[in-house]
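Here is the structure we will look at.
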Amino acid sequence: MSPALRLDGVSKWFGDTVALSDVSFHSAPGVTGLLGHNGAGKSTLFDLLAGFTAPSQGTVRVLDLDPRNDPSVHARLGLVPDGDGLWPFLTARQTVAFLARHRGVKDHDGAARHALHLVGMDAAADRRVAGFSKGMRQRVRLAQALAHDPEVLLLDEPLNGLDPAQRRADVELIRRLGAEGRTVLVSSHILGEVERMADRVLVIVNGRLVAEGTPAGVQGLLAQSARTVRVETDDPRRLGGLLLTEPGVHSVALDANGLVVQTTDGRALSLRLPQLAHAEGLSLRRVIPVGEDLESVFTRLTASARGAGR
């Protein structure tokens, strides 16, 4: 079976500005998080997948169709784009029902009722959008993307403007949509949101795809740049003395849980530790990067890629 979303060697430029550079990835059912700072190229990527613009180079396919040239794909695609795009003079129910009817849903009123319920907008369904807060407008936009029961969802920063309770509810909704077999691509510049929503992460920096995998896998890809590692062993003093002779190890300190090692090359250290322990008859209990959550990985990625042309 072909992947629902596929980009192969895609670049997009506007004049002399490169928005995306040679991006390739495939996305299957489930939730994939697109992580990037503001201006990284996330919205350009969504515009390409939605068919709003054509790639300057490479190919884009959604459900094996070219979204730019085959409008039939939109009946199977739900989109929350960047920006607002709602009609302020319509109610939430009218907005969602109109767009569902436009996408060919026969029972568009029933579809609107169900979609608004999913996003927690039952009580405000018959109020005009003009009086809504940013978070309420965002939920209407999510409802219209769900009303025609699409196979693929493209959600560009869907949690913007939501209060903490609604963020939690929508995170659970997005995870449920992926678990039901839909292909969901959801973007954010907030790392905790991506970790909670997605089982797979794409990291985009300055128009380039710089890492791909599970949240834990992304950390592993960058383990060579780890700076601090905690090592728990049965003889920390002895192992600490050995580590001080290793290339790239800046310092070793004892604490209540073992050793805290400062190194310039976390990957090399992770390979060397088992060798040292085996040679000296020591037992390794745990080796844990300190501060190496997705937040720190992303911060380091962004800093290292700054200055690369977009």
Side-chain angles (χ1 to χ4, degrees), residues 1-70 73-74 76-79 81-82 150-157 178 182-189 191 194-195 197-225 294 297-298 300-302 304-310:
M1 179 181 294
S2 299
L5 301 176
R6 189 173 80 244
L7 272 72
D8 292 306
V10 170
S11 296
K12 180 65 180 180
W13 51 81
F14 303 93
D16 60 356
T17 299
V18 180
L20 290 176
S21 178
D22 195 26
V23 173
S24 297
F25 73 85
H26 298 175
S27 189
V31 182
T32 298
L34 180 63
L35 179 63
H37 58 85
N38 290 329
K42 302 190 301 297
S43 292
T44 299
L45 192 151
F46 276 91
D47 285 348
L48 288 164
L49 288 168
F52 295 159
T53 188
S56 303
Q57 183 175 294
T59 59
V60 177
R61 293 292 181 268
V62 176
L63 299 167
D64 275 336
L65 302 172
D66 182 344
R68 182 67 172 173
N69 297 315
D70 192 337
V73 74
H74 294 285
R76 305 164 66 189
L77 174 66
L79 173 67
D82 186 33
E151 299 169 54
V152 174
L153 284 161
L154 304 177
L155 310 179
D156 195 358
E157 303 271 3
R182 292 177 175 83
T183 298
V184 183
L185 180 65
V186 55
S187 75
S188 179
H189 62 280
L191 307 172
V194 170
E195 288 183 288
M197 287 186 289
D199 298 317
R200 178 170 172 249
V201 179
L202 307 172
V203 182
I204 187 169
V205 177
N206 293 346
R208 293 174 171 82
L209 188 64
V210 296
E212 178 179 359
T214 64
V218 168
Q219 296 175 37
L221 289 172
L222 299 160
Q224 69 270 20
S225 61
L294 191 54
V297 167
F298 180 53
R300 198 165 59 248
L301 272 171
T302 303
S304 66
R306 292 290 187 190
R310 285 198 59 224

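Not counting sequence neighbours, Asp22 has no partner by the side-chain hydrogen bond (donor to acceptor under 3.5 Å, both in side chains) test. For Arg182, the side-chain hydrogen bond (donor to acceptor under 3.5 Å, both in side chains) partners at least two apart in sequence or on another chain are Asp149, Glu180. Judged as a side-chain hydrogen bond (donor to acceptor under 3.5 Å, both in side chains), and not counting sequence neighbours, Ser11 has no contacts. Listed by chain and residue number, Asp82, Asp156 satisfy the side-chain contact (heavy atoms from CB on, under 4.5 Å) test with Ser43 (two or more places apart in sequence, or in another chain). For Asp64, the salt bridge (Lys or Arg N to Asp or Glu O under 4.0 Å) criterion is met by Arg6, not counting sequence neighbours. Residues meeting the side-chain hydrogen bond (donor to acceptor under 3.5 Å, both in side chains) test with Ser188, sequence neighbours left out: Glu193.
In this structure, NE2 in His189 is found 13.0 Å from CG in Leu34, a value given to the nearest 0.5 Å. Interatomic distance, Ser27 OG to Leu202 CG, rounded to the nearest 0.5 Å: 7.0 Å. Thr59 contributes atom OG1, which lies 15.5 Å from atom CZ of Arg68 (distance to the nearest 0.5 angstrom). Within the model, atoms CG of Leu79 and CG of Leu155 stand 8.0 Å from one another, a figure rounded to the nearest 0.5 Å.
A heavy-atom distance below 4.5 Å is not found between the side chains of Ser24 and Leu7. Between Arg61 and Asp66 the shortest side-chain heavy-atom distance falls below 4.5 Å.
Among residue pairs with one or both ends in residues 24-42, those qualifying as salt bridge (charged side-chain N to carboxylate O under 4.0 Å, His left out) are Lys42-Glu157; sequence neighbours excluded. Residue pairs meeting the salt bridge (charged side-chain N to carboxylate O under 4.0 Å, His left out) criterion with at least one partner in residues 26-38, sequence neighbours excluded, do not occur; the list is empty.
Checked against Leu154 for a side-chain contact (heavy atoms from CB on, under 4.5 Å), the options Val184, Val186, Thr183, Leu77 give a single hit: Leu77.
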Tell me which donor-acceptor pairs under 3.5 Å the side chains of residues 45-58 have, and how far apart each pair is, sequence neighbours excluded?
from, atom 1, to, atom 2, distance (Å)
Thr53, OG1, Lys12, NZ, 3.0
Ser56, OG, Trp13, N, 3.1

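Residue Val18 comes nearest to Leu20 through the heavy atom pair CG1-O, 3.4 Å, listed as atom of the first residue, atom of the second, then distance.
Side-chain atoms of Thr32 never come within 3.5 Å of backbone atoms of Leu185 as a donor-acceptor pair (strictly under, hydrogens ignored).
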